[in-house]
2 protein chains.
Amino acid sequence: MSNMKDVAREANVSVATVSNFLNGKKVRPKAAKDIDLAIKKLNYVRNNTARFLKTQRSAFVVFVVPSVWSPFFSELTFWVQKYLDNLGYKMVLCVSENDYQKEKSYVTMAEEQRVAGILSISYSDLTSHVHSDIPLVSIEKESTGQFSLVSSDNYEGGKIAAKELSERNIDKYIFIGSANHSSVEMNARKAGFIDYCNNHGLKFEIAEVDSRKNDKKKIKNLIDEISNNGKKYGIFAHTDEIALILTQEFQDAGLKIPEHVQIIGFDGWKLTPDTHLTISSIRQNIEEIAKTAVEQLHKEMEDPDHREISRLMIPVAFRAGDTTENK
Amino acid sequence: MSNMKDVAREANVSVATVSNFLNGKKVRPKAAKDIDLAIKKLNYVRNNTARFLKTQRSAFVVFVVPSVWSPFFSELTFWVQKYLDNLGYKMVLCVSENDYQKEKSYVTMAEEQRVAGILSISYSDLTSHVHSDIPLVSIEKESTGQFSLVSSDNYEGGKIAAKELSERNIDKYIFIGSANHSSVEMNARKAGFIDYCNNHGLKFEIAEVDSRKNDKKKIKNLIDEISNNGKKYGIFAHTDEIALILTQEFQDAGLKIPEHVQIIGFDGWKLTPDTHLTISSIRQNIEEIAKTAVEQLHKEMEDPDHREISRLMIPVAFRAGDTTENK
DNA sequence: GTGAAAGCGCTAACAA
DNA sequence: TTGTTAGCGCTTTCAC
């Protein structure tokens with residue numbers, strides 16, 4: 001493949017002139033024409049590897065994501081790619097499958113490639129493996145605080161859930177978290193729910209369900225309580241997944257939804273798309289998450305020396321489904 | 001950031017020794033230890049930009065795909081990424097949204113970055129814009145023949161569809177293509193269907209439907225024919241999308257599926273996942289497509305000078321759904 | 001505006 | 001084995 005030197009020779013100018021021409025600087029018209037011709041004749045394509053080595057910049061951003069197959073992640077990937085593309089960045093897609101070793105190797109790769117930035121949505125704390133000063137923005141998952149975070153506003157989501165339930169004649173409020181997956185996010189959702197209940201004098205309870213074990217016993221007790229007790233229950237489940245399990249168990253036990261129990265979930269990535277039932281849910285704004293994360297990363301990549309670590313909360317909203325009454 | 005020279009100085013060896021050490025060649029034990037220490041002390045990370053500039057190789061593969069949001073493409077993206085990763089390649093994800101300008105710019109980017117290869121699934125013929133000798137493997141879409149192609153075996157799919165229908169007491173066979181999207185693939189599916197029918201003395205007809213205009217008239221005529229005519233019809237639709245439209249129109253008109261009409265579609269990427277009805281369909285083996293494409297590309301990247309252009313057909317299979325009778 | 005030349009960080013040939 | 005050095009293809013001073 002031909003290089004700049006070849007082009008310069010062909011056009012009877014120096015490499016510097018070719019470089020200037022290619023970078024939009026002023027060259028005399030005759031030179032411009034000759035260079036243009038030479039480029040076409042030699043089929044010259046500028047080598048960005050060399051360019052970036054010299055300028056110490058890169059157009060690549062590494063995106064680490066647990067999966068790309070589920071609806072949540074594929075939508076997120078779509079928007080992240082789109083917003084990166086708009087800014088002229090190329091996305092290196094790294095699917096971690098929640099494998100810590102893979103995540104680590106992706107970070108290493110990113111550093112070795114001197115990429116411009118890293119965008120990651122990771123369960124483990126891969127941030128501690130970033131040796132360099134490559135800007136990193138973490139999505140959804142709380143990190144150690146040395147990197148920016150973009151997350152749905154989980155606390156506000158908990159409050160919205162409680163508020164929506166309270167507008168539907170509920171007698172008793174229950175938050176159901178997941179026993180096997182305690183996290184900063186869950187606690188925020190829980191806290192929002194509790195705070196709203198407390199501030200509005202609503203009676204509530206806290207429970208947990210292990211979504212892997214399916215926790216039949218706990219659910220059975222709950223079903224008994226609801227059945228033997230004419231009251232109307234309102235449940236806020238930490239995830240749509242849990243909400244779905246509860247809904248199915250309740251229905252199997254003959255409870256009517258939303259007549260006896262109303263359930264609100266929280267939009268997540270675990271749900272398969274072929275579920276017929278529509279769960280009322282707190283919906284995450286995936287496009288906004290992607291947009292915000294890319295913009296934050298962009299800022300930090302533009303000026304890596306004075307980076308400002310931010311914690312950005314993206315608003316969530318209630319989406320009515322089949323598991324709550326119409327207002 | 002520190003470089004190899006710094007490490008060499010710190011370890012009292014030459015850069016060549018550091019380079020050798022890093023590339024797994026033999027160095028004396030003492031040197032190895034010193035270098036190791038120096039690397040840790042200086043937080044050295046090898047610069048692959050420089051490495052690849054020197055060696056004229058790259059670890060990146062550009063993957064151009066129309067979308068990443070639909071089930072077909074997100075699954076394809078998943079497998080492509082996985083198989084590339086297994087071979088040590090990094091995927092640069094380029095979502096074209098069927099925009100020709102974008103596709104072109106992605107090819108340019110790939111050439112400027114001197115990536116190792118390109119994997120593309122594109123409607124337009126972006127292959128004519130490849131100036132360099134970067135290996136390219138095209139998925140699903142027929143190209144000009146100067147690059148390798150990996151595709152589902154559409155012809156065989158057409159035969160399988162006819163065969164499956166013929167085992168279900170059909171009186172009259174119909175192939176329905178799409179009027180707005182004639183393509184090499186459609187013709188192959190049609191040819192397979194026709195050949196099977198001819199070879200087995202089955203009476204068939206060919207029709208077309210414009211899935212954008214929803215072509216009510218043609219469908220109406222078909223419905224009248226089926227209704228007024230006690231015969232059992234068997235339809236092979238060019239895509240699941242068309243199969244779905246037909247199914248819904250038939251049902252709305254009071255026809256019973258699969259009692260009056262049986263329908264087989266062809267697995268495609270346009271279908272949204274929230275469709276309740278399961279269409280009997282010729283299923284594409286997405287993982288196998290991805291695997292084969294990556295393997296072919298790998299071969300061509302390993303030895304770019306004697307590349308062999310291949311046309312690789314991936315077997316398809318019948319998947320029974322609700323629109324055909326059980327055998 | 002242009003050209004000569006240094007140098008980004010690395011690998012590889014060659015000499016020691 | 002190890003060190004010296006040229007050079008991958010580009011950008012960027014700096015003198016003209």
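Note on naming: letters A, B, ... go to the chains in the order of the sequence lines (proteins, then strands), and numbering restarts at 1 for each one.
Note: NZ (Lys25(B)) to P (dC10(C)) measures 15 Å, nearest angstrom. In this entry the distance linking CD1 of Ile35(B) with C1' of dC10(C) reads 15 Å, nearest Å. A straight line from CE of Met4(B) to C1' of dC8(D) spans 15 Å, rounded to a whole angstrom. Per the geometry, CG belonging to Asp34(A) stands 11 Å off P belonging to dG3(C), to the nearest Å. For the pair Gln113(B) CD and dG9(D) P, the interatomic distance rounds to 15 Å; values are reported in whole Å. What separates NZ of Lys26(A) from C1' of dT12(D) is a distance of 20 Å, to the nearest Å. What separates CD of Glu112(A) from C1' of dG9(C) is a distance of 13 Å, to the nearest Å. Distance NZ (Lys5(A)) to P (dA5(C)): 12 Å, rounded to an integer number of Å.
For the OP1/OP2 pair of dG9(C) and a distance below 4.0 Å, the side-chain nitrogens and oxygens of Asn47(B) include no atom meeting the criterion. Within the structure, every side-chain polar atom (N or O) of Ser14(A) is placed at least 4.0 Å from both OP1 and OP2 of dT2(C). Between Arg46(B) and the phosphate of dG9(C), there is no side-chain N or O to OP1/OP2 separation shorter than 4.0 Å. Taking 4.0 angstrom as the limit, Asn20(A) places none of its side-chain polar atoms (N or O) nearer than this to OP1 or OP2 of dG1(C).
Nucleic acid contact for Tyr44(B): sugar-phosphate only, since backbone atoms but no base atoms lie under 4.0 Å from a heavy atom of the residue. When heavy atoms are screened at a 4.0 angstrom cut-off, Asn48(B) is found touching no nucleic acid atom at all.
Non-hydrogen atoms lying under 4.0 Å from DNA chain D are contributed by Leu53(B), Lys54(B), Gln56(B), all within residues 49-61 of chain B.
Mapping Val27(A) and Val15(A) onto DNA chain C by nearest heavy atom places Val27(A) at the nucleotide closer to the 5' end. Each of Thr17(B) and Arg114(B) has a nearest nucleotide on DNA chain D; the 5'-most of these lies closest to Thr17(B).
No more than 12 heavy atoms of other residues, nucleotides or ligands shown are found within 6.0 angstrom of CG on Asp133(B). Residue-environment remark: NZ (Lys299(B)) stays at or below the threshold of 12 foreign heavy atoms within 6.0 Å.
Of the N and O atoms on the side chains of Ser14(B) and Thr17(B), at least one donor lies less than 3.5 Å from an acceptor on the other residue.
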Q: Just do the salt bridge (Lys or Arg N to Asp or Glu O under 4.0 Å) check on Glu111(B) and Arg46(A) with the steps written out, would you?
A: CA-CA 8 Å; Glu111(B) 302 198 299; Arg46(A) 122 135 103 1; over 6 Å; no

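A donor-acceptor pair under 3.5 Å is formed between the side chain of Asn3(A) and the backbone N or O of Asp6(A).
Among the nucleotides dT11(D), dG1(C), dT1(D), the one closest to any side-chain atom of Ser19(A) is dT11(D).
For the atom pair CZ of Arg9(B) and NZ of Lys5(B), the computed distance is 7.0 Å after rounding to the nearest 0.5 Å.
Ring centroids of Phe60(B) and Phe60(A) are separated by less than 6.0 Å, placing the two rings close together.
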